Amino acid sequence: MNQLLESNRKSWNKIAHYFNGVDALPSYGPFTQTEDELKLFDNLQNKKVLDIGFGSGHSLKYMAEEKGASELWGVDLSAEQKSAAEKTLQGLEPRLFCAPMEQEIDLPQDYFDCVYSIYALGWTTDLKTTLHLIYSYLKVGGSFLFSWDHPLYAHIKSENGVLTLDGSYQQERLHTFGKFKGEDAPMIIHTRKLATYINELIQAGFTIEKVVESEVGERFKAEDAPVSDRYYSLYKTRRFPSTLIIKARK
Ligand SMILES: C[S@@+](CC[C@H](N)C(=O)[O-])C[C@H]1O[C@@H](n2cnc3c(N)ncnc32)[C@H](O)[C@@H]1O
């Protein structure tokens, strides 16, 4: 494992508990529409699904209990997340692997009806390899769906409610957070443009079926949105989509 991944893995192990049940289906992300509103997944009754960056396992639980998936597989970098997911998924016989998504780990090829990733794909250090691997895991006709921060959202900063561009959207680079969730848990993440996600999907062989720049979810529609300078806020999301969702097919 390269140094960057090793460092992120240590930090994820430290902060995993903050993410128990957070960023999990049916939610696609902070303040966004849900799967109940968007209905993006195919019929997954008795189908095989693979979760990339399964976190605490709540999305896989949703796949079993609400969508009727018959086989639950997942990959995640963090051993702490794997332990959490094993608890969440007790009795559902998941097949969980602790590994980086950008690494070949002999998962079955041409096997899954659906591969998905809720708020995890952007953590990859190698988007091209990750998307090629995901493509290889899918059956022909299978779907890949992911949600992640809208690539421009990360550059929009609120200062006393005035939204400004922070840094350069043009320049894709590695960004380091010294702390995460207030903990001494440095995280290194690639910033990427929207076109990079779309073009890498196309180059991996996918056909893009839908691109969603999410609106605010129904459950937040009646809520007040006072001025907020937080990274994620209803105030900011009312003005700019926090989440990008893409559905593609092999
Ligand atoms: C916000 S959580 C995802 C939540 C999850 N999708 C759910 O449904 O609960 C992000 C996850 O990505 C994982 N992760 C980060 N980098 C990764 C990588 N390179 N390969 C695999 N998983 C990674 C983290 O360990 C963490 O569990």
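In listed order, ligands and their atoms are each counted from 1. Note that this is a predicted model, so its numbers are computed, not measured. Just so you know, these numbers use all the heavy atoms, side chains as well, and skip hydrogens, waters and symmetry mates.
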Indicate yes or no: does E86 engage K82 in a salt bridge with an N to O separation below 4.0 Å.
yes
Tell me the closest heavy-atom pair linking P241 and H150, and the distance in Å.
O-CB, 3.2 Å
What protein heavy atom is closest to atom 25 (O) of ligand 1, reported as residue, atom name and distance in Å?
D76 OD1, 2.6 Å
Polar atom proximity, V75 to ligand 1 (N or O, under 3.5 Å)
no
When distances are taken from atom 5 (C) of ligand 1, the protein heavy atom at minimum range is G53 O, 3.3 Å
Could you list the atoms of ligand 1 found under 4.0 angstrom from a heavy atom of S56?
9 (O)
Side chains of K236 and Y231, heavy atoms from C-beta outward: is any pair under 4.5 Å?
yes
Which of the numbered atoms in ligand 1 are below 4.0 angstrom from a heavy atom of P100?
20 (N)
Any N or O of Q81 closer than 3.5 Å to N or O of ligand 1
yes
Provide the number and element of each atom of ligand 1 under 4.0 Å from a heavy atom of Y119.
1 (C), 2 (S), 3 (C), 10 (C)
Would you call R249-E209 a salt bridge at under 4.0 Å N-O?
yes
Just let me know how F54 lines up against ligand 1, side chain, backbone, both or neither, with a heavy-atom cut-off below 4.0 Å.
backbone
Does the side chain of L194 come within less than 4.5 Å of L152's, by heavy atoms?
no
List every atom of ligand 1 that sits less than 4.0 Å from any heavy atom of I118, numbering the atoms from 1 in the order shown and giving each element.
3 (C), 4 (C), 5 (C), 6 (N)
Looking at D76 and R9, is any side-chain nitrogen of the basic one under 4.0 Å from a carboxylate oxygen of the acidic one?
no
What heavy-atom pair brings V227 and N160 nearest, and what distance separates the two atoms?
CG1-C, 3.8 Å
A24 N/O to ligand 1 N/O under 3.5 Å:
no
Closer than 4.0 angstrom: is that true for some heavy atom of D23 and an atom of ligand 1?
yes
Under a heavy-atom criterion of less than 4.0 Å, does N8 contact ligand 1?
no
Charged N to carboxylate O under 4.0 angstrom, E200 versus K128?
yes
Number the atoms of ligand 1 from 1 as they appear, then name those within less than 4.0 Å of a heavy atom of E102, with their elements.
18 (C), 19 (N), 20 (N)
Could you check whether any side-chain heavy atom of F54 comes within less than 4.5 Å of a side-chain heavy atom of L89, counting everything from C-beta outward?
no
Please confirm whether M101 comes within less than 3.5 Å of ligand 1 when only nitrogen or oxygen atoms on both sides are compared.
yes
Under 4.0 Å between a Lys/Arg side-chain N and an Asp/Glu carboxylate O for D42 and K247?
yes
Should A99 be listed as contacting ligand 1, given a heavy-atom distance under 4.0 Å as the test?
yes
Which residue holds the protein heavy atom closest to atom 16 (N) of ligand 1, what is that atom called, and what is the gap in Å?
W123 CB, 3.3 Å
Would you mind running through ligand 1 and noting each atom that sits below 4.0 Å from a heavy atom of V22?
9 (O)
Taking only non-hydrogen atoms of A120 and a 4.0 Å limit, the atoms of ligand 1 in range are 12 (O)
Please write down residue, atom name and distance for the protein heavy atom closest to atom 23 (C) of ligand 1.
L77 CB, 3.5 Å
Considering only heavy atoms of S59, which atoms of ligand 1 have at least one such atom less than 4.0 Å away?
7 (C), 8 (O)
Please report the closest heavy-atom contact between P30 and D23, naming both atoms and the distance.
CD-OD1, 4.2 Å
Answer yes or no: is there a side-chain heavy-atom contact under 4.5 Å between E218 and Q33?
no
